2 protein chains.
Amino acid sequence: MAVIVPFETPGASIEELVALVAPDMERVNATILSRTGSDVTMIPEVANHLISSGGKRLRPMLTLAMANLAGYAGDGHIKLAASVEFMHTATLLHDDVVDESEMRRGKLSARMLWGNEASVLVGDFLLGQAFRMMVEVGSLRALDILSAAAATIAEGEVMQLAAAKNTATTEDEYLAVIRGKTAELFAAACEVGPVIANRPKAEQTACRSVGMNLGIAFQLVDDVLDYGGKSAKLGKNTGDDFREGKITLPVVLAFRRGNDTERAFWIKALERGEIGDSDLDHAIGLMNKHRALEDTLVRAQHYGAMAVDALALFPSSPMKSALEQVVAFCLARSH
Amino acid sequence: MAVIVPFETPGASIEELVALVAPDMERVNATILSRTGSDVTMIPEVANHLISSGGKRLRPMLTLAMANLAGYAGDGHIKLAASVEFMHTATLLHDDVVDESEMRRGKLSARMLWGNEASVLVGDFLLGQAFRMMVEVGSLRALDILSAAAATIAEGEVMQLAAAKNTATTEDEYLAVIRGKTAELFAAACEVGPVIANRPKAEQTACRSVGMNLGIAFQLVDDVLDYGGKSAKLGKNTGDDFREGKITLPVVLAFRRGNDTERAFWIKALERGEIGDSDLDHAIGLMNKHRALEDTLVRAQHYGAMAVDALALFPSSPMKSALEQVVAFCLARSH
């Protein structure tokens, strides 16, 4: 049974984490800015379009938080955090090309403004810069973790491509996809903190678990938000997954729980891309009928609970408490 | 003045290098094969389509050759050579997307068979695997060189994108592009050999110079071959650069040496993409008129001579002689 995390607590916020890592985060932001610099002016233009477009920078904050939790006293976490954000940004640039997305974070995507070419190449540049910064930190173990993550992320995306438009995808198959494409970077971002602090293996795997499970929960909530959230209210960013024929957990559940007529609808819409004006509404209606969005959130809460329990190893501290609140925040986004 | 390398000597061949590195290259090929493996079957399919399509594997051979020249006795050069080939393959996959190429090495390009999505993502996967192998070798200095190369290659490609369709590009600007997009990987591939062998700095910079100058010469000869070679014979792979509006050195020279009518032709064809049936013939005619292809080869010979002189530091050996022949071979390809 899924464990229910109470996520409507007043503590469901990232504010405390933001405050605790603020001085370090300022240095990360300065590093990000200086490392997107290039005489080739298109590079900072494209990179900063995305980097300064108001992402929460959750992943680099996690690297800083875990380094702090591990009692790390050096400087390496700054560059590793910037590397993590570069890897994330590179992924977004490449994803937009792969998904042919027109919008990203409420702005025109880089590929719409500068073309697919620039998105692919600036992504490659940021990946290269990410590795350069990791090398400068000098921890072979951290390099090992982050380079393995880079390969796994790409593998997860290819898996998603291969599973695309297949409504028969199982929940386990879908989980394998999001472990790769989303959760692995969260896991690596968290794991490198105790690694550069030379903390015992048990702490490294604990931090990795926090990131992995938080990442899965984060993605599942994102999947729900794409259909308007638990209350299924249509907003400006809803329906993208549906229109792109993406198979996410709400679809997997609604398809499996549906009757033959309903399954025919999903196949027509997602596999064949034949989508009429009222079909998104109909899809959300079917999800509500089968509690697909609610149950996706119950699944998310399960992974959130695992993340919180993975943190339990660490003694009480403001940072630990801030991280628990981040888990609650990620879940509460669906409201 | 450019130094003329006699390139019609019987020694203009890569056969001797191939023979000398054959046992190591067998291990590199086995590594390449095992590291493209993935449960996600699309990954080995796409990767092997390109990897097994008969490239010469010149870059990994250079890594093996330089490690040998430096007296390296360990195992690390095998994985570094495989990494170099993966970086090269990733670049080709991404280039095909950027250039919208339909063919690569006489076969349909991966993007025509599996789509842009797969080409972008499998490229990312190979880059990730390349870094994993470098990390396993454990040399931070080699990691530094190859990760900097990854960023520089992408930077060179973006520079080319920004310069694209600009017939006013200068020779120096064009050189900066090909130093980044082509020669940097040759340089890094060569430099890591003496680096993992812990040889003195002078040998490292010598090997880097060999690679850098060989890479520039290689690209210039490629540019000439794209217009049919020195004798300007049209073959099955000619005219791609012209049709894609790519500004290469033969164009830079023909444009600068041309009159107003001729410049108007280049602008119409390359900047505006208005290309008629006989325009490639006309372009080659203008290049012949202004000796643009011949003089591009004279420039290439200059860089070839620099590569050979950079090798002069090393005592005579079969490997040194094989490398000199490789330089001659790269230049002689134009015949």
Side-chain angles (χ1 to χ4, degrees), chain A residues 35 38-43 46 87 90-91 93-95 97-100 114-136 138-164 176 180, chain B residues 35 38-43 46 87 90-91 93-95 97-100 114-136 138-164 176 180:
Chain A
R35 292 309 182 99
S38 166
D39 293 339
V40 185
T41 51
M42 197 191 272
I43 289 178
V46 175
M87 284 175 68
T91 307
L93 284 167
H94 287 183
D95 274 0
V97 174
V98 168
D99 294 341
E100 301 180 350
W114 289 277
N116 279 342
E117 306 93 323
S119 294
V120 170
L121 297 176
V122 174
D124 290 350
F125 174 78
L126 292 177
L127 266 184
Q129 290 290 68
F131 279 102
R132 289 185 69 181
M133 285 190 279
M134 293 173 213
V135 172
E136 286 166 17
S139 160
L140 277 170
R141 181 77 188 109
L143 267 161
D144 186 26
I145 291 162
L146 287 165
S147 60
T152 303
I153 292 165
E155 208 170 16
E157 307 253 12
V158 179
M159 212 188 295
Q160 181 169 52
L161 200 64
Chain B
R35 290 311 182 98
S38 166
D39 293 339
V40 185
T41 51
M42 197 191 274
I43 290 178
V46 175
M87 286 175 67
T91 306
L93 282 167
H94 287 185
D95 274 2
V97 174
V98 167
D99 294 342
E100 301 180 349
W114 289 276
N116 279 341
E117 306 93 325
S119 295
V120 171
L121 297 176
V122 175
D124 289 350
F125 174 79
L126 292 178
L127 266 183
Q129 290 290 68
F131 280 102
R132 290 185 70 181
M133 285 189 278
M134 293 173 213
V135 172
E136 287 166 14
S139 159
L140 277 170
R141 182 76 190 108
L143 266 161
D144 186 25
I145 290 162
L146 286 165
S147 60
T152 302
I153 292 165
E155 208 169 17
E157 306 253 12
V158 179
M159 212 188 296
Q160 181 167 52
L161 200 63

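Residue numbers start from 1 in every chain, and the chains themselves are labelled A, B, ... in the order their sequence lines are given, proteins ahead of strands. Everything numeric in this text was worked out from a predicted model, so none of it was measured.
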Query raised in the report: Which residue out of B/V46, B/N116, B/T91, B/I43 racks up the most heavy-atom pairs below 4.5 Å with chain A?
Result: B/I43

Query raised in the report: Once you round to the nearest 0.5 Å, how far does OG of A/S139 lie from CG of B/L140?
Result: 8.5 Å

Query raised in the report: Between A/E136, A/E100, A/E155, which has the largest tally of heavy atom pairs under 4.5 Å with chain B?
Result: A/E155

Report task. Count the heavy-atom pairs under 4.5 Å between each of B/L146, B/L161, B/V158 and chain A, then report the option with the highest count. Result -> B/V158

Requested in this report: May I ask you to test the A/E117-B/Q160 pair for a side-chain heavy-atom distance under 4.5 Å?
Outcome: no

Query - Given B/V40, B/L121, B/T41, the one that forms side-chain contact (heavy atoms from CB on, under 4.5 Å) with A/M159 - result: B/V40

Query raised in the report: Roughly how far, to the nearest 0.5 Å, is the OG1 atom of B/T152 from the CZ atom of A/F125?
Result: 8.0 Å

Query raised in the report: Contact part of B/V97 toward chain A, heavy-atom cut-off under 4.5 Å: side chain, backbone, both or neither?
Result: side chain

Report summary line: In terms of heavy-atom pairs under 4.5 Å with chain A, the winner among B/I153, B/V122, B/V120, B/D99 is B/V120

Query - By side chain to side chain contact (heavy atoms under 4.5 Å, CB included) - contacts of A/A150 (at least two apart) - result: A/M87, A/F131

Report summary line: Looking only at A/A148, A/G156, A/A162, most heavy-atom pairs under 4.5 Å shared with chain B are made by A/A148

Query raised in the report: Using non-hydrogen atoms only, which part of B/L127 is less than 4.5 Å away from chain A: side chain, backbone, both, or neither?
Result: side chain

Query raised in the report: In terms of heavy-atom pairs under 4.5 Å with chain A, which of B/S119, B/A151, B/S38 leads?
Result: B/A151

Query raised in the report: If you count heavy-atom pairs under 4.5 Å with chain A, which of B/M42, B/R141, B/H94 comes out on top?
Result: B/H94

Requested in this report: Would you mind telling me which of B/A154, B/A130, B/A149 has the largest number of heavy-atom pairs within less than 4.5 Å of chain A?
Outcome: B/A154

Query raised in the report: Do A/D124 and B/D124 come close enough that some side-chain heavy atom pair is under 4.5 Å?
Result: yes

Query raised in the report: If you round to the nearest 0.5 Å, how far is CG of B/L143 from CE of A/M134?
Result: 10.5 Å

